[in-house]
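FYI, side chains are in, hydrogens and waters are out, and symmetry mates aren't considered; it's all heavy atoms of this structure. Chain letters run A, B, ... following the sequence lines, proteins first and then strands; every chain starts at 1.
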Amino acid sequence: MTQENQPVIYDENQIIAERRAKLTEIRQTNNAFPNTFRRDHLTSELFKQFNELSKEQLEEQPTIVKIAGRMVLKRVMGKASFATIQDMSGRIQLYISNDHTGEPVHAAFKHYDLGDILGAQGTLFKTKTGELSIRVTDLQLLTKSLRPLPEKFHGLADQEQKYRQRYLDLITNEETRKVFAIRSKVVQAIREFFVERDYLEVETPMMHSIPGGASARPFSTHHNALDMALFLRIAPELYLKRLVVGGMEKVFEINRNFRNEGISTRHNPEFTMLEFYEAYQDFTYLMDFTEQMLAHVAKQVLGTTHISYQGKTMDLSKPFMRLTITQAIQKFHPDYTTEQLNDRNYLIKKLQALNIHLNPNDGIGGLQLSLFDETTEHLLFEPTFIVDYPAEVSPLARRNDNNPGVTDRFELYIAGREIANGFSELNDPEDQAARFQEQAKAKDAGDSEAMHYDADYIRALEYGLPPTAGEGIGIDRLVMLLTDSPSIRDVILFPQLRQED
RNA sequence: GGGUCGUUAGCUCAGCCGGUAGAGCAGCGGACUUUUAAUCCGUUGGUCGCCAGUUCGAUCCUGGCACGACCUACCA
């Protein structure tokens with residue numbers, strides 16, 4: 001290791017040294033990092049506006065344009081050269097020749113490197129193969145790139161580097177740019193969907209003194225001035241329902257949650273969650289609402305509700321299946337009889353035989369859920385609402401009027417993954433207090449994911465939460481589905497990785 | 001947490017049943033005024049992830065470690 005106050009140059013090589021030397025030379029005569037060039041077009045606009053014109057039409061009505069971007073291809077041929085410039089919208093080819101720029105500009109261009117950022121002015125024309133290009137009259141180096149780009153044909157292939165140096169992945173790989181453009185549009189479409197329906201977008205705290213709203217282990221931190229323990233939120237749920245108590249009868253929030261748990265192709269420690277609440281509605285309304293929203297988002301973003309995911313297709317415009325936990329198990333495993341699935345002893349024996357972890361205190365519902373999670377969940381490719389969740393695993397959901405052992409709750413599965421979780425909210429403060437107490441007991445008994453008793457939340461419920469329906473949707477997983485991405489890391493710009501070195 | 005696989009030039013990858021390494025791209029020099037991953041000639045560039053062990057000798061074999069990918073477990 002170098003001494004502390006010396007710059008650490010850890011991976012200089014010959015290519016970087018040569019580029020540095022070029023930069024030093026540029027500094028002798030010019031501002032090496034000018035910020036005076038202004039483009040008047042994006043490359044995609046030029047194609048949209050002028051690609052229809054013929055070679056002759058372009059020559060008759062010369063159009064002068066200014067564009068800027070990163071040079072990603074370069075072909076030098078003596079007295080004339082071609083370069084491909086990439087900006088946020090696309091690419092266009094430059095034609096640089098001594099005839100139109102003068103020899104010194106072309107000579108300087110020959111020393112520019114792939115990755116350099118250039119500003120160009122010139123006249124639109126079409127090459128003999130009919131490609132819209134710019135015949136350059138003025139060319140400026142706007143930013144010298146000191147590091148070589150990944151190989152121009154294969155791009156960046158190393159998965160680790162794609163995640164760690166996402167900027168390189170974005171420069172190199174159009175597919176990656178597309179994924180994050182879609183992600184942006186998905187969020188946009190969802191936001192519009194709610195705003196059109198008179199929902200209020202809100203932001204609730206990311207730092208909670210009592211982490212609540214989900215069963216998960218939190219990240220903990222400390223506020224110095226208040227000398228107080230704080231937790232990064234695992235869910236916004238309890239705050240959003242406090243807002244419904246306050247009269248915000250339709251609210252939504254799109255924001256990050258943090259869970260201190262395993263990392264996988266489906267899990268990142270920080271992930272984006274949509275949660276929304278609407279007073280005077282129930283969970284059946286949410287299921288219809290969710291169907292509409294997903295179809296709308298797909299249509300809006302992809303132009304179709306026909307989704308292809310990892311080689312299989314589905315149609316988001318059809319009504320989603322609705323199955324109870326036991327119906328779903330039987331649909332994929334017809335050998336289980338209804339009697340067996342309602343026999344506590346049978347379930348315990350079966351789960352043990354399948355080597356499935358089970359909570360010995362679980363009632364029949366909890367055992368059914370364990371069996372479902374292990375045997376059936378991953379098979380639910382077509383969008384499917386699973387209903388009849390047991391109250392014991394749903395501490396914030398309203399009990400069913402006819403069967404108090406289950407709640408008015410659903411989870412939505414698509415492509416074998418949980419995408420959404422919604423329910424009619426538990427608004428009986430005394431029942432909620434009792435459920436919190438059960439959770440606190442479980443916590444004392446060693447369940448690190450059990451919930452805390454949140455006294456202020458109970459107090460809020462005591463003022464009166466109107467009958468309400470609420471739901472959370474995992475945005476990252478939704479984007480995975482809509483971009484055909486196999487890993488959650490592919491839809492998060494900077495996924496969590498171990499520290500380098 | 002467990003399992004499998006991987007790590008060689010800036011990038012994409014070969015290779016070595018053990019004798020300190022190659023290609024293409026990028027770079028540098030040269031030719032070339034319509035190229036398209038331009039082409040042609042010449043050329044620079046390597047702690048073969050790290051640390052031990054075995055060996056006369058290790059990039060290669062063995063063990064450990066680091067990092068990553070995938071699968072699996074908890075979770076959304």
S.K.: When the P atoms of B/G2 and B/C65 are compared, how many Å lie between them, rounded to an integer?
M.R.: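 The answer is 10 Å between these two P atoms.
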S.K.: Nearest to the A/L156 side chain among B/A69, B/U35, B/C11, which nucleotide is it?
M.R.: B/C11
S.K.: Of all the nucleotides listed (B/U35, B/U12, B/C67), which has the minimum atom distance to the side chain of A/R164?
M.R.: B/C67
S.K.: When you compare B/C48 with B/G15, how far apart are their C1' atoms, in angstrom units rounded to a whole number?
M.R.: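 The answer is 11 Å between these two C1' atoms.
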S.K.: Base, sugar-phosphate alone, or nothing: which one does A/E377 contact when heavy atoms must sit under 4.0 Å apart?
M.R.: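 The residue A/E377 makes no contact with any strand.
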S.K.: I want to verify a distance call: between B/U33, B/C70, B/C74, whose nearest atom is closest to the A/E261 side chain?
M.R.: B/C74
S.K.: A/D87 vs A/I85, test: side-chain contact (heavy atoms from CB on, under 4.5 Å). Steps then yes/no.
M.R.: CA-CA 7 Å; A/D87 68 13; A/I85 299 295; 5.6 Å; no
S.K.: Please determine, for the side chain of A/S264, which listed nucleotide (B/C74, B/U36, B/C13) has the closest atom?
M.R.: B/C74
S.K.: Between B/G45 and B/C40, how many Å separate the two P atoms, rounded to a whole number?
M.R.: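 Each nucleotide's P atom is 23 Å from the other's.
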S.K.: Remember a base hit wins even if backbone is also touched, and classify A/S487 as base, sugar-phosphate or nothing at under 4.0 Å, heavy atoms.
M.R.: sugar-phosphate
S.K.: Restricting to non-hydrogen atoms, name the atom on A/S54 and the atom on A/Q57 that form the minimum distance, rounded to 0.1 Å.
M.R.: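 Looks like N-OE1, 2.7 Å.
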S.K.: Among B/A69, B/G10, B/C67, which nucleotide has an atom closest to any side-chain atom of A/N13?
M.R.: B/G10
S.K.: Side chain of A/Q161, heavy atoms from C-beta onward: which of B/U36, B/A73, B/C11 has the nearest atom to it?
M.R.: B/C11
S.K.: Between B/U34, B/C67, B/C11, spot the one nearest the side chain of A/P150, thanks.
M.R.: B/C11
S.K.: What is the base-pairing partner of B/C25, counting Watson-Crick and G-U wobble geometry with both distances under 3.5 Å?
M.R.: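 With both distances under 3.5 Å, B/C25 matches B/G10.
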S.K.: Looking at the side chain of A/L497, which of B/U33, B/U36, B/A69 is the nearest nucleotide?
M.R.: B/A69
S.K.: Identify whether any heavy atom of A/D373 sits under 4.0 Å from a base atom; if not, whether one sits that close to sugar-phosphate; answer base, sugar-phosphate or nothing.
M.R.: nothing
S.K.: Between A/E25 and A/K144, does at least one N-O distance fall below 4.0 Å, as a salt bridge requires?
M.R.: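 So A/E25 does not pair with A/K144 through a salt bridge.
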S.K.: Is there a donor N/O on one and an acceptor N/O on the other, under 3.5 Å, for the side chain of A/T84 and the base of B/U36?
M.R.: no
S.K.: Angle between ring planes, A/F410 versus A/F385, binned at 30° and 60°: parallel, tilted or perpendicular?
M.R.: perpendicular
S.K.: Which label fits A/F289 and A/Y285: parallel for a plane angle under 30°, tilted from 30 to 60°, or perpendicular past 60°?
M.R.: tilted
S.K.: How would nucleotides 1-6 of chain B be written as a contact map, 5' to 3', with B for base contact, S for sugar-phosphate-only contact and - for no contact, using protein heavy atoms under 4.0 Å?
M.R.: ------
S.K.: Using only atom types and a distance under 3.5 Å, with no angle test, would you say the side chain of A/R166 pairs donor to acceptor with the backbone of A/L493?
M.R.: yes
S.K.: For nucleotides 25-32 of chain B, just jot down a letter per nucleotide in 5' to 3' order: B, S or -, based on protein non-hydrogen atoms under 4.0 Å.
M.R.: BBSS---B
S.K.: Before you tell me yes or no, could you show the steps for A/I329 and A/I325 under side-chain contact (heavy atoms from CB on, under 4.5 Å), namely the whole-Å CA-CA distance, both residues' side-chain angles and the distance that decides it to 0.1 Å?
M.R.: CA-CA 6 Å; A/I329 294 172; A/I325 290 168; 4.2 Å; yes
S.K.: Using the P atoms only, state how far B/G49 lies from B/U59, rounded to an integer number of Å.
M.R.: 9 Å
S.K.: Which nucleotide wins on minimum distance to the side chain of A/H154, given the candidates B/U33, B/U34, B/U12?
M.R.: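 That would be B/U12.
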S.K.: Nearest nucleotide by nearest heavy atom, which residue falls closer to the 5' end of RNA chain B, A/E270 or A/K55?
M.R.: A/K55
S.K.: Report the residue (A/D476 or A/P486) whose heavy-atom-nearest nucleotide on RNA chain B is the more 5′ of the two.
M.R.: A/P486
S.K.: Take atom CG of A/D158 and atom P of B/G10, then tell me their distance rounded to the nearest Å.
M.R.: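 Distance check: A/D158 CG to B/G10 P gives 14 Å.
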S.K.: Heavy atoms only, 4.0 Å cut-off, all strands: where does A/R91 land among base, sugar-phosphate and nothing?
M.R.: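 Answer is nothing: A/R91 stays at 4.0 Å or more from every strand.
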S.K.: For A/E411, which contact category applies under a 4.0 Å heavy-atom criterion: base, sugar-phosphate, or nothing?
M.R.: nothing
S.K.: Roughly, in whole Å, what's the span from CD in A/E174 to C1' in B/A37?
M.R.: 15 Å
